[in-house]
J.: 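The structure that follows is given in the form of structure tokens.
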Amino acid sequence: MTFTENLLKIDLPSAIQKIIGKVLNGERIEPADALALFEQADLGLLGLLANEVNTRKNGNTVFFNQNFHIEPTNICVFNCTFCSYRRAQGQDGSWESNLREISHTCQKYKKMPVTEVHVTGGVHPKWDLDFYGQIISAIKHELPSIHVKAFSAVELDYIFKKANLTAREGIKQLIKYGLDSIPGGGAEIANKELREKICPDKSSWERWLEIHEAAHLEGLSSNATMLYGHIENYQHRIEHMEALRQLQDKTHGFNCFIPLKFKAANNTLSYIGEVNSIEVLKNFAVARIYLDNFRHLKAYWPMLGKQTAQLSLHFGVNDIDGTIDDSTKIYTMAGSDEQRPTMTVEEICELIRITGKKPTERDSVYNPIREY
Ligand code: V47
Ligand code: SF4
């Protein structure tokens with residue numbers, strides 16, 4: 001009998017006992033079970049369960065990749081209240097890159113072993129599908145074998161509508177330019193009333209799901225995120241994860257789930273403050289247990305900080321994103337501890353090894369490249 005199975009013998013509330021039984025038997029848990037875990041299970045128990053579920057799926061392996069980001073602009077037609085990064089056109093602190101600048105950024109990586117570029121930014125009022133396509137082409141021209149994971153569903157929604165294309169038609173066009181997969185941004189939180197308060201004017205949750213489904217049907221994989229730790233409650237988080245679980249049952253197109261903790265500096269929601277590390281770990285653990293059809297759970301270290309990302313490896317996380325090379329500003333501007341987010345491969349491997357897990361470099365769709 002394993003240590004975790006011994007948990008069934010400990011004196012715990014019967015609702016929690018039942019959930020432990022389901023998890024250990026590999027059965028799917030219900031929304032009410034997830035709520036009980038959030039509200040009643042202690043952190044140690046959540047860690048044991050989530051680690052058990054993750055170990056069954058991924059063994060001792062923790063993935064990372066060698067990547068960089070391109071944020072082509074922070075000018076945005078929307079104005080989400082949690083966003084510290086967005087500027088109006090012409091406003092101090094705004095930027096917009098042209099294709100020459102994007103090519104120049106890529107040239108820097110020609111001799112580096114990066115395998116992925118993550119491209120996302122604001123929704124620029126003047127840009128369209130053709131320009132987004134040219135961004136992809138410019139990257140592929142400089143770095144022909146790189147995986148281009150580009151444009152959140154919110155950016156895609158805007159350019160597809162402008163071009164009068166359905167989601168599937170728009171995705172098809174971008175595939176022709178070289179798009180390889182879609183990042184998880186723009187999902188925020190599913191609940192409509194909350195969206196009215198934190199991102200009133202941007203694409204709906206239904207449209208986010210529709211665009212990811214269209215990508216999956218066109219053969220691209222994508223990631224899923226959830227912004228939490230602001231005005232939502234546990235029910236809202238479960239509602240969000242339930243919708244993701246349903247779409248994943250249908251398409252199997254999501255690579256990973258990335259919960260994004262709200263960072264409170266320099267935005268309209270700053271007064272809320274931030275949830276602590278215990279809440280972050282709890283959220284990872286419940287996500288790992290609830291999303292039984294997601295193989296990978298990512299802790300995005302530039303947002304969480306290295307230590308919390310490291311701790312999360314015992315709460316169901318099996319991926320800590322990449323080397324980044326100080327190429328993202330979204331979280332730096334929202335007050336992340338990591339003001340110049342960069343880790344070398346050696347630093348990432350050491351961070352993982354200290355937890356007793358095995359560092360493995362992956363490609364963008366989770367094929368192992370090299371064990372360290
Ligand atoms: O959609 C914006 C979030 C997202 C804040 O797919 C904030 O591999 C916290 O989606 N506090 C964009 N979060 C980034 C994103 C992402 C990041 C890393 C990896 C991947 C991937 C995707 O950032 C936005 C929004 O949810 N965000 N502002 C903030 N103040
Ligand atoms: Fe624009 Fe994205 Fe910021 Fe919202 S989160 S204001 S869509 S850049």
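All values derive from a computational prediction rather than experimental measurement. Order of appearance sets the numbers: ligands from 1, and atoms from 1 within every ligand.
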J.: Among all protein heavy atoms in this structure, tell me which lies nearest to atom 17 (C) of ligand 1, with the distance rounded to 0.1 Å.
T.: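 Going atom by atom, the protein heavy atom closest to atom 17 (C) of ligand 1 ends up being Y300 CE2, 4.0 Å.
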J.: May I ask you to identify, for N267, whether its side chain, its backbone, both or neither come under 4.0 Å of ligand 1 on a heavy-atom basis?
T.: side chain
J.: Looking only at distance, does A187 have an N or O less than 3.5 Å from an N or O of ligand 1?
T.: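 No - when backbone and side-chain N and O of A187 are compared with those of ligand 1, no distance drops under 3.5 Å.
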J.: Within ligand 1, which atoms have a heavy atom of L227 less than 4.0 Å away?
T.: 7 (C), 9 (C), 13 (N)
J.: Please tell me if the side chains of L269 and I198 come closer than 4.5 Å, counting only heavy atoms from C-beta onward.
T.: yes
J.: For atom 1 (O) of ligand 1, find the nearest protein heavy atom and state the residue, atom name and distance (0.1 Å precision).
T.: G186 N, 2.7 Å
J.: Please say yes or no: joined through hydrophobic side-chain contacts below 4.5 Å, possibly via intermediate residues, are F82 and Y271 part of one cluster?
T.: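 Looking at the clustering, Y271 is in the same group as F82.
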J.: Taking 4.0 angstrom as the limit, do R362 and D319 come out as a salt bridge?
T.: yes
J.: Given side chains that start at C-beta, do those of Q89 and E96 come closer than 4.5 Å, heavy atoms only?
T.: yes
J.: Do me a favour and list the nearest non-hydrogen protein atom to atom 6 (O) of ligand 1 with residue, atom name and distance?
T.: G184 N, 2.8 Å
J.: May I ask you to decide whether K197 forms a salt bridge with E193, counting only side-chain N to carboxylate O separations under 4.0 Å?
T.: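 A salt bridge is absent here (no side-chain N lies under 4.0 Å from a carboxylate O).
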J.: Hey, does C106 have a side-chain heavy atom less than 4.5 Å from the side chain of I139?
T.: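 A side-chain contact exists here, since the closest heavy-atom pair is under 4.5 Å.
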J.: So how many protein N, O or S atoms does atom 1 (Fe) of ligand 2 have within less than 2.8 Å?
T.: 1
J.: Could you identify the single nearest non-hydrogen protein atom to atom 27 (N) of ligand 1 and state the distance to 0.1 Å?
T.: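 It is Y331 OH, 3.8 Å.
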J.: Under 30°, 30 to 60°, or over 60°: which ring-plane class applies to Y372 and F64, parallel, tilted or perpendicular?
T.: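 The arrangement is tilted - the two ring planes meet at 30° to 60°.
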J.: Students should be able to answer this: which protein heavy-atom is nearest to atom 21 (C) of ligand 1, and at what distance?
T.: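 I find the closest protein heavy atom is I258 CD1, 3.2 Å.
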J.: Please state which option from W301, W208, F82 has its nearest heavy atom closest to atom 5 (C) of ligand 1.
T.: F82
J.: Is any N or O atom of K298, backbone or side chain, closer than 3.5 Å to an N or O atom of ligand 1?
T.: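 Yes.
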J.: Out of H118, K263, K149, M303, whose heavy atom sits nearest atom 8 (O) of ligand 1?
T.: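 Closest candidate by heavy-atom distance is K149.
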J.: Which heavy atom of the protein is the closest neighbour of atom 9 (C) of ligand 1, given with residue, atom name and distance?
T.: K261 O, 3.2 Å
J.: Would you kindly specify which portion of A334 sits under 4.0 Å from ligand 1, judged on non-hydrogen atoms: side chain, backbone, both or neither?
T.: side chain
J.: Looking at Y234, Y228, Y290, which one forms a ring pair (Phe, Tyr, Trp, His ring centres under 6.0 Å) with F38?
T.: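 Checked Y234, Y228, Y290 against F38; only one passes ring pair (Phe, Tyr, Trp, His ring centres under 6.0 Å): Y234.
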J.: Using distance only, find each side-chain donor-acceptor pair of residues 169-177 under 3.5 Å and give its atom names and separation, not counting sequence neighbours.
T.:
residue : atom : partner : partner atom : Å
E169    : OE1  : T166    : N            : 3.0
E169    : OE1  : T166    : OG1          : 3.4
Y177    : OH   : D130    : OD1          : 2.6

J.: Quick one, F151 and P183 - any side-chain contact, counting heavy atoms below 4.5 Å?
T.: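 Side-chain contact under 4.5 Å: no.
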J.: Where does the angle between the aromatic ring planes of H296 and F63 fall among parallel (under 30°), tilted (30 to 60°) and perpendicular (over 60°)?
T.: perpendicular
J.: With heavy atoms of N223 as the reference, note each atom of ligand 1 found under 4.0 Å away.
T.: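 This gives 6 (O), 8 (O), 21 (C) as the contact atoms.
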J.: Ligand 1 and G185, any nitrogen or oxygen pair closer than 3.5 angstrom?
T.: yes
J.: Is the shortest heavy-atom distance from the side chain of I369 to the side chain of T115 under 4.5 Å?
T.: yes
J.: Closer than 4.0 Å to some heavy atom of P183 - which atoms of ligand 1 meet that?
T.: 6 (O)
J.: Quick one, K357 and H314 - any side-chain contact, counting heavy atoms below 4.5 Å?
T.: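 Yes, close enough: below the 4.5 Å cut-off.
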J.: Ring-plane angle category for W127 and Y132, please: parallel below 30°, perpendicular beyond 60°, tilted otherwise.
T.: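 It falls in the perpendicular class, over 60°.
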J.: T225 heavy atoms, cut-off 4.0 Å: which ligand 1 atoms fall inside?
T.: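 In order of number, 10 (O).
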J.: Measuring from atom 25 (C) of ligand 1, which candidate in E274, E188, K202 has the nearest non-hydrogen atom?
T.: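 Result: the heavy atom closest to atom 25 (C) of ligand 1 is in E188.
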J.: Quick one: sort the H69 and Y300 rings into parallel, tilted or perpendicular, breaks at 30° and 60°.
T.: tilted
J.: Return the closest protein heavy atom for atom 4 (C) of ligand 1 as residue, atom name and distance.
T.: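 Here the closest protein heavy atom is L260 CD1, 3.8 Å.
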